[in-house]
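Bear in mind that the values here come from a model prediction, so they are computed numbers and not experimental data. Values below: every heavy atom of this structure, side chains too, minus hydrogens, waters and symmetry copies. Numbers restart at 1 for each chain; the letters A, B, ... are given by sequence-line order, proteins then strands.
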Amino acid sequence: MDFSPILDSLNDAQRAAVTASAKHVLVLAGAGSGKTRVLVHRIAWLCRDKGIIPYGILAVTFTNKAAAEMRARVEALLGMSSTGMWMGTFHGLSHRLLRSHWQQTGLPQNFQILDSEDQFRVIRRVTKGLGLDEAKWPPRQSQWFINANKDEARRAKDLDSKDGSVDQQLIRIYFAYEEICERTGVVDFAELLLRSVDLFKRNSDLLADYRNRFRHILVDEFQDTNAIQYTWLKLLAGTQVPMFAVGDDDQSIYGWRGARVENIHSFNSDFDPVDTVLLEQNYRSTGTILAAANHLIQHNTGRLGKNLWTHDSVGDPIHLFAAYNEQDEARFVADQLKQWLDQGRKLSETAVLYRSNAQSRVFEEVFFAQQIPYRVYGGLRFFERAEVKNALAYLRLAAHHSNDASFERIVNLPTRGIGQRTLAALREYSRDYAIPLSEATSVLSQSGELNVRASNALKRFLALLQTMAASLEGLSLQEQVENIIKLSGLKAYYEREPGAKAVDRIENLGELVNAAREFNFDPNQFGDMTRLDAFLSNAALEAGEGQGEAWQDCTRLMTLHSAKGLEFPLVIMVGMEEGLFPHSMSTQESGRLEEERRLCYVGITRAREKLILSYAENRRHYGSVKYYPPSRFLREIPEQLLVELRAGVTISPTLIPRQKTVLKPGNESPFKIGQRVEHAGFGEGLVTECEGVGLHARVQVRFERGGSKWLVLEYAKLQPL
DNA sequence: TAATCAGCTTTTTTT
DNA sequence: AAGCTGATTA
């Protein structure tokens with residue numbers, strides 16, 4: 001065997017995957033088993049040892065972050081630039097295809113990308129335009145319906161309108177939505193994929209070129225592919241191009257978004273012959289953490305069946321904290337983080353994970369008060385902020401007057417006397433004559449159908465559009481952005497707005513100018529797109545990081561979904577309550593519940609050394625106090641892996657100091673094996689084991705009412721009897 | 001037309 | 001609790 005440097009650092013299974021010689025390869029890689037590593041090394045191995053030129057590699061991921069990481073790691077391993085490789089997200093690559101071959105797509109050359117908020121607005125407008133009641137046909141639901149269908153490659157015309165009247169209306173909305181998109185030259189995210197697929201289906205020569213070009217196709221997070229993405233892959237692969245797919249059925253957490261784990265099963269029949277490689281050795285977590293994860297996930301049915309194992313030591317037990325309420329829970333987490341710091345560790349090694357974004361608030365408040373630096377992931381990203389989107393809409397409209405979505409967004413922001421009535425007239429005219437809103441504005445401002453005040457307002461707005469369009473001529477992207485922000489009056493508008501928020505908004509507008517200055521644009525990639533158009537597309541496709549780069553050592557707050565792919569020495573999973581996690585919307589169907597369980601599995605396997613779980617007995621939720629029982633997932637973790645911490649009943653911790661059994665170091669434990677004790681919650685029991693001293697001392701107690709528990713003396717409030 | 005106030009709903013997320 | 005929509009008032 002000759003081992004190249006690329007293979008030296010791999011274990012046997014990883015090496016087998018990287019060097020698999022079957023035409024197609026499916027790697028089932030458990031959490032922390034070196035999934036990305038295998039992918040990166042496979043690419044490097046193909047290039048270095050198999051003589052595949054970078055130009056012949058297509059590697060697909062789901063997020064921009066994953067794509068960037070892959071590129072960086074491949075370059076580091078190969079010691080050269082990866083230019084020429086097609087590496088990116090399904091959407092990014094599709095976008096690139098559509099730009100290069102726009103003539104064959106039926107799209108205008110300067111088609112614009114609709115992000116989900118834009119899409120929502122368009123759908124709402126369509127609903128109103130059809131004379132449907134928004135309350136009865138919520139745009140959110142229609143949006144969901146349209147996207148779900150697009151993800152399954154079904155256009156409005158493909159839908160069977162025979163059944164129930166509910167679908168009838170939704171199909172009407174879908175039709176009308178498609179028409180508007182077509183007319184205004186915009187595409188939503190799903191459309192990028194769908195159009196690419198259509199492009200290939202209709203142009204066999206073009207498809208043949210690409211099949212000829214790509215010698216290897218590699219896919220990350222294969223379990224997250226939806227129907228249209230899988231079709232996309234199959235089309236590009238044809239019968240000749242070898243596929244290399246990496247995934248983990250236990251980490252499929254995007255079923256609600258159309259992802260189909262079954263694609264993993266289909267892979268074996270759609271591609272042949274396939275080598276399947278299992279990666280089960282985990283390099284991330286302690287034995288205890290893995291055992292918890294393995295036991296939990298065994299409650300799911302229909303798994304492909306992997307069991308993670310590790311050479312690592314058993315490690316610390318998992319701590320479970322029962323908080324009185326969500327405040328108490330947040331203070332507990334703050335305490336734990338401080339302890340972590342006291343042990344000489346860093347906050348950047350820690351993460352607090354929750355099910356839904358709204359849960360971050362309490363933690364932010366408490367961390368802020370206690371001066372624990374933190375960074376919230378997810379939530380509103382930079383290019384999604386209202387003020388930024390407003391500025392982008394002005395830019396888009398200045399460059400492309402026909403962009404109705406942008407027009408609607410900013411016609412009257414800041415207010416300039418174009419109210420609902422005028423707008424309604426514009427919409428009607430635009431619909432009747434099938435022209436963009438800006439043209440309707442031009443016609444109606446002259447026609448005399450509107451009152452003087454309204455038509456003057458419209459004329460002023462048109463003049464503004466002209467000025468803005470002119471101000472783009474021959475300038476750098478940065479100057480263009482600066483000009484538009486100034487001309488639009490957005491800055492003045494936000495300066496007038498009271499409150500601290502306004503300061504942030506103005507700052508973000510400044511940040512947008514910076515983003516424009518730093519935007520690097522590869523003109524080779526998108527043919528004859530203008531710099532500005534590339535910037536605008538990029539803003540839709542890459543919404544940007546949640547916050548600027550962290551310069552400070554801080555902990556991370558994020559949802560379980562956004563934690564996928566990450567790892568931390570210390571992970572604290574909070575809000576482990578029925579209704580919250582598993583989420584109440586998911587408890588009805590078993591399929592959804594299993595997905596929640598996988599989400600829990602993902603959370604647990606993020607932890608390297610220490611895992612802490614917590615739940616609150618009372619929680620203020622939607623404005624009133626709720627009592628959620630502890631999550632069923634807690635019961636699915638073997639109790640010998642858990643140590644329960646309990647703060648006792650601290651009604652108002654500021655008034656009633658928490659009672660603790662504090663042991664001075666060196667003191668003998670007041671409890672001996674065989675001694676009878678009483679616990680406020682569990683009743684009477686017998687001490688069966690003692691260990692540790694001082695703050696870490698704990699005892700195992702077998703309670704009469706069943707069950708044996710490890711209790712930390714500091715928290716347990718045990719009374720000797 | 002614009003600003004203000006009262007009532008209503010509430011997952012997860014990437015592109 | 002908060003953000004958003006719709007109705008009301010200036």
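Listed nucleotides dT14(B), dT11(B), dT15(B) differ in distance to Arg257(A); the shortest reach to its side chain belongs to dT14(B).
Among the atoms of the strands shown, none is found under 4.0 Å from any heavy atom of Asp224(A). Backbone-only contact: Phe62(A) has heavy atoms under 4.0 Å from sugar-phosphate atoms and none from a base. No engagement by Asp188(A) is indicated, since no non-hydrogen atom pair under 4.0 Å with the nucleic acid exists. Contact annotation for Arg592(A): base contact, defined as any heavy-atom pair under 4.0 Å involving a base atom.
Aromatic stacking of His91(A) on dT15(B): not satisfied for centres closer than 5.5 Å together with planes under 30 degrees.
For dT14(B), neither phosphate oxygen OP1 nor OP2 lies less than 4.0 angstrom from any side-chain nitrogen or oxygen of Asn226(A). For the pair Asn147(A) and dT15(B), the criterion of a side-chain N or O lying under 4.0 Å from OP1 or OP2 is not met. For Ser586(A) and dT12(B), the shortest distance from a side-chain N or O to OP1 or OP2 is not below 4.0 Å. A close approach under 4.0 Å does not occur between any side-chain nitrogen or oxygen of Asn412(A) and OP1 or OP2 of dT1(B).
Between the side chains of Ser631(A) and Glu577(A), not a single donor N or O lies within less than 3.5 Å of an accepting N or O.
Ring planes of His561(A) and Tyr254(A): tilted class, angle from 30 to 60°.
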